[in-house]
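What follows is a set of notes on a single structure, which appears directly below.
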Amino acid sequence: MSIDVVTFGCRLNAYESEVMKREAEAAGLKDAILINTCAVTAEAVRQARQSIRKARRDNPGARIIVTGCAAQTEAATFAGMAEVDLVLGNSEKLERASYGRVAQFGLDDSEKIRVNDIMSVRETAEHLIDGLEGRARAFVQVQNGCDHRCTFCIIPFGRGNSRSVPMGVVVDQIARLADNGYREVVLTGVDITSYGADLPGAPKLGDLVTKILKLVPGLDRLRLSSIDSIEADPALMRAIAEEERLMPHLHLSLQAGDDMILKRMKRRHLRADTIGFCEEVRRLRPDVVFGADIIAGFPTETEAMFANSLAIVDDCGLTHLHVFPFSPRKGTPAARMPQLPRQVVKERAARLRDKGEAALLAHLEAEQGRERQVLIEREGLGRSEQFTQVEFSPEAADGKAAGDLVRLRIAGHTGRHLLGVTTGRQAA
């Protein structure tokens with residue numbers, strides 16, 4: 001064994017895990033397991049701890065280094081685990097020197113925690129990578145951190161305040177990936193619609209998207225990760241309307257469909273704002289599909305308030321739901337609010353998931369007979385422009401491999417995936 005990386009959580013973590021592995025290998029570290037944690041829910045932290053114990057059982061001689069958002073916010077918790085050799089913060093995990101000291105001098109119990117004050121970090125380092133191992137699409141970090149303080153969220157304390165990567169660096173990174181054969185790139189960060197506020201001239205996310213598509217003509221598909229619709233700028237809306245290479249799938253950081261709950265979450269939008277945004281985007285780009293994060297069982301949520309969250313799935317025409325049962329995070333205002341019984345939280349989450357499954361089924365039904373350009377992720381499976389999973393036979397792929405594009409006709413669905421067959425004419 002050399003270096004294995006176990007990644008939890010968001011697309012940004014996936015990107016950073018690739019940087020971590022590269023920097024650790026360059027520092028000469030060997031026989032180590034790097035566990036990149038997530039702190040978004042208590043369940044994510046529990047899963048990380050479980051993974052650490054399993055890693056030690058399976059690899060008794062390996063060095064186990066824990067990092068990521070949960071390590072940043074709960075360093076002492078992980079340092080207290082006998083299985084853990086070292087805890088690195090979110091800034092330290094991307095620095096070659098952090099791994100160089102381990103490779104050269106081993107691990108000293110007196111320095112088991114190497115976690116700085118994340119709020120003191122003012123810049124996002126420019127980490128260029130050639131691709132992501134084993135992935136059909138590449139993720140590019142354009143931003144890190146968050147300046148907002150939603151009452152349920154611990155992530156700003158794991159990631160720090162918002163910092164943006166300069167536009168020129170992002171464009172160079174994507175050009176490099178396109179030259180290496182990547183057909184699709186996903187822009188990722190913690191709050192990407194806040195992009196540019198800290199840069200000279202304060203460019204917006206829409207400016208960045210426009211520049212990427214203009215200066216990297218060899219890139220077939222550009223995709224956005226989760227966005228905060230209230231921050232969508234005019235240039236981004238123009239790009240959605242005019243740029244076919246910007247994929248028609250937007251995942252919204254929605255969180256709730258009731259105005260009172262949104263206020264208690266300290267969100268910056270109201271129900272009508274989200275519905276209006278979806279209507280406008282659909283007018284500009286009729287083939288768009290929306291996903292959303294929604295929290296079930298937020299403190300003080302009544303049945304009537306929850307009904308508004310259920311209804312917004314139809315009101316916005318959502319297709320892909322990420323449902324989170326509310327999980328109180330220590331140190332956040334929501335953890336001090338009156339909590340709902342866990343059974344109520346679980347039951348509401350289940351109802352939201354059922355609603356999401358019905359919405360997905362309606363989307364799958366509507367796709368039948370259409371032609372879609374599918375990015376192959378692995379043999380027999382890929383994703384359409386709308387990020388919908390598509391199953392297909394080896395014959396339909398015509399010898400193409402993961403990362404290639406193939407044009408398919410949608411002949412049916414499985415209830416979860418579309419079924420694609422050849423059209424007789426292939427994607428370029």
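Only heavy atoms go into these numbers, but all of them, side chains included; no hydrogens, no water, no symmetry mates.
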Could you pull out all residues at least two apart from Arg268 that satisfy side chain to side chain contact (heavy atoms under 4.5 Å, CB included)?
His148, Asp228, Ile230, Glu231
Surrounding CZ of Arg416 (heavy atoms of other residues, nucleotides or ligands, distance under 6.0 Å), is the total greater than 12?
no
One thing to verify: whether Arg96 and Glu25 come together as a salt bridge, which I'm taking to mean a side-chain N less than 4.0 angstrom from a carboxylate O.
no
For His413, the option from Glu391, Glu365, Gln389 that meets side-chain hydrogen bond (donor to acceptor under 3.5 Å, both in side chains)
Glu365
Would you say CD of Glu244 has more than 12 non-hydrogen atoms from neighbouring residues, nucleotides or ligands within 6.0 angstrom?
no
Residue pairs passing the ring-ring contact (aromatic ring centres under 6.0 Å, His included) test with at least one member in residues 372-396, sequence neighbours excluded, are His249-Phe387
Is the closest side-chain donor-acceptor distance between Glu395 and Ser393 under 3.5 Å?
yes
What is the minimum heavy-atom distance between Thr37 and Asn13, and which atoms define it?
O-ND2, 3.0 Å
Derivation of the side-chain contact (heavy atoms from CB on, under 4.5 Å) call for Leu94 and Met20
CA-CA 5 Å; Leu94 303 175; Met20 287 162 48; 4.2 Å; yes
Below 4.5 Å, heavy atoms only, C-beta onward: do Val87 and Val84 meet side chain to side chain?
yes
Other residues, nucleotides and ligands only: do more than 12 of their heavy atoms fall within 6.0 Å of CZ on Arg378?
no
Under 30°, 30 to 60°, or over 60°: which ring-plane class applies to His322 and His251, parallel, tilted or perpendicular?
tilted
Applying side chain to side chain contact (heavy atoms under 4.5 Å, CB included), name anything that partners Thr41, two or more places apart in sequence or on another chain.
Glu43, Ala44, Phe324, Ser327
